[in-house]
Amino acid sequence: MTTIAIDSSAVPAWDGDVARARDVQVELAGRVSLRDGFDKSLRTIAGFDVGFEEDGAITRAAAVLLDARTMQPLESHVARIDTVMPYIPGLLSFRELPALLRALTLLGTTPDMVFVDGHGIAHPRRLGIAAHFGVATGLPSIGVAKKILVGTASEPHQVRGAYVPLRHKGEQIGWLLRSKPKCNPLIVSPGHRVAMASAADLVMRYVTTYRLPEPTRLADRLASRRDAGKA
DNA sequence: GCGACAG
DNA sequence: ATCTTGTCGC
């Protein structure tokens, strides 16, 4: 088990107050660092994603630790908890973060960089689940989403690795990255301790022949119950 | 007021 | 996210 200090104050219990939750997001967004604050020579990275069981009553979070050099999975874990609240656009992290943090504690090694399925700062109040995850754990994080929540962008070229900025209210909040030709682009945004200029490159480093980068792709497979097994 | 809306 | 087989296109 890792001994990562999770900031409980950054993960308030859901009390049904939407307006209040949004205020909390604005405050937590103020703690996000958009400068590279990680070891240049990454040793281990991790992917996180969430799925549901029992008609949504159970939230299932998957955490996969990989060797940053070989991209080979070193550990895979699944955490199940009772679902805490329904899905509300813009408040995704309040619903899924508790399970993700539980999965994080199952890792035997603290990852140097975390990739979360969802947005980083590409969010109405700049606190998508990846950013929230970073602030709550202090770990460098990046958001890898499949669809835009807010903002507009042009179409990135069809070549693998092409990317264009995603903007919202006059500022850049992320990138549209063509990880694979003829596939819809990924929406990549910094979570915490990662610079905008580094985000797309960091994700592309772990893309092989699939649309999703290995960390998120493997976690996705574990989170959705269509998994073949372990090792 | 009318849509849009990560997973 | 989830319910679900085959099928069209590269």
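Side chains are part of it too, since the values below use all heavy atoms of this structure and drop only hydrogens, waters and symmetry mates. Throughout, a chain's letter reflects where its sequence line sits, starting with A, and its residues are numbered from 1.
In this structure the side chain of A:Leu66 never reaches within 4.5 angstrom of the side chain of A:Leu74, judged on heavy atoms. The side-chain heavy atoms of A:Arg60 and A:Val50, taken from C-beta on, include no pair separated by under 4.5 Å.
At whole-Å resolution of the value, CD1 in A:Ile148 and P in B:dG3 are 21 Å apart. Distance, A:Asp117 CG to B:dG7 P: 6 Å, rounded to whole Å. The separation between A:Lys146 atom NZ and B:dG7 atom C1' is 7 Å, rounded to whole Å. The nearest whole Å value for the distance from the CG atom in A:Asp55 to the P atom in C:dC3 is 9 Å. For A:His168 and B:dC5, the NE2 to P distance is 13 Å, given to the nearest whole Å. In this entry the distance linking CZ of A:Arg95 with P of C:dT2 reads 10 Å, nearest Å. What separates NE2 of A:His119 from P of B:dG7 is a distance of 6 Å, to the nearest Å. Rounded to an integer number of Å, the gap from CG of A:Leu97 to C1' of B:dG7 is 13 Å.
Here A:Gly90 lies in heavy-atom contact (under 4.0 Å) with a base. Residue A:Leu100 is out of contact with every strand shown, counting any heavy-atom pair closer than 4.0 Å.
Distance alone, capped at 3.5 Å, is enough to place a donor-acceptor pair between the A:Asp112 side chain and the A:Thr44 backbone. With A:Gln25 contributing its side chain and A:Gly90 its backbone, the two residues share a donor-acceptor pair below 3.5 Å. Using a distance-only test at 3.5 Å, with no hydrogens or angles considered, a donor-acceptor pair links the side chain of A:Arg178 to the main chain of A:His157.
In DNA chain B, no stem built from three or more successive Watson-Crick or G-U pairs (distances below 3.5 Å) is found.
Per the stacking criterion (ring centres < 5.5 Å, plane angle < 30°), A:Tyr87 stacks onto the base of B:dG7.
Note on A:Arg126 versus A:Glu171: salt bridge recorded, some NZ/NE/NH1/NH2 to OD/OE distance being below 4.0 Å.
Under 4.0 angstrom from either OP1 or OP2 of B:dC5 there lies no side-chain N or O belonging to A:Lys147.
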**Request:** Given side chain to side chain donor-acceptor pair (under 3.5 Å), test A:Thr105 with A:Arg102 step by step and report yes or no.
**Result:** CA-CA 5 Å; A:Thr105 68; A:Arg102 187 75 200 77; 2.4 Å; yes

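Residues A:Ala223 and A:Lys182 both approach DNA chain C. Their nearest nucleotides, taken by heavy-atom distance, put A:Ala223 toward the 5′ side.
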